[in-house]
Visitor: 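Let me begin by handing over the structure; questions about it come next.
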Amino acid sequence: MNEDVVSLAAGGEELGVLVGAVGAAGFFGLLIVIVWQVAATWRARMLAAREEQYKELAARYARLLEDTVELQRRTAEEQRQTLDELTRTRLAVGSMEKMMREIE
């Protein structure tokens, strides 16, 4: 009878060890899942923030491009005006030269 009690106690210890091992594995598995999910959430937030920065950068680039096009248009207009003025000045100087030759 003592042997039966000893074997039951030994079986109880093995069962306790098994339950402890399964519990520890479950706990560590839960910790791994929690860490994994926190990392995935952090990564998703970082990607969303990066995407927002890209959108802001693209909008800024579009504004700069519009400004550049406007500046080029203004520059082209000013160059046309300068060319017109230069043409008129050349004509005026040419007519003055012609008049000076006639006076001599």
Visitor: Could you list the residues that satisfy side-chain hydrogen bond (donor to acceptor under 3.5 Å, both in side chains) with Glu77, not counting sequence neighbours?
Guide: Arg80
Visitor: How far does OG1 of Thr87 sit from CG of Leu83, to the nearest 0.5 angstrom?
Guide: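 Taking OG1 in Thr87 and CG in Leu83, the distance rounds to 4.5 Å.
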Visitor: Who pairs with Arg50 by side-chain hydrogen bond (donor to acceptor under 3.5 Å, both in side chains), at least two apart in sequence or on another chain?
Guide: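 Not a single residue meets the side-chain hydrogen bond (donor to acceptor under 3.5 Å, both in side chains) criterion with Arg50.
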Visitor: Could you go through Gln53 and Leu57, starting from their C-alpha distance and side-chain angles, then the distance that decides it, and tell me whether this counts as side-chain contact (heavy atoms from CB on, under 4.5 Å)?
Guide: CA-CA 6 Å; Gln53 288 174 345; Leu57 187 61; over 6 Å; no
Visitor: Please walk me through it: do Lys55 and Glu51 pass salt bridge (charged side-chain N to carboxylate O under 4.0 Å, His left out)?
Guide: CA-CA 6 Å; Lys55 286 179 183 178; Glu51 184 177 338; 3.8 Å; yes
Visitor: Can you tell me how far apart CD (Glu97) and CE (Met99) are? Round to the nearest 0.5 Å.
Guide: 11.0 Å
Visitor: Just verifying a value: how many Å separate Glu70 CD and Thr75 OG1, rounded to the nearest 0.5 Å?
Guide: 9.5 Å
Visitor: Report the distance from atom CZ of Arg43 to atom CG of Leu47, rounding to the nearest 0.5 Å.
Guide: 6.0 Å
Visitor: Exactly one of Met96, Glu102, Met100 should register a side chain to side chain contact (heavy atoms under 4.5 Å, CB included) with Lys98. Which one does?
Guide: Glu102
Visitor: To the nearest 0.5 Å, what is the distance between CD1 on Ile32 and CZ on Phe27?
Guide: 11.0 Å
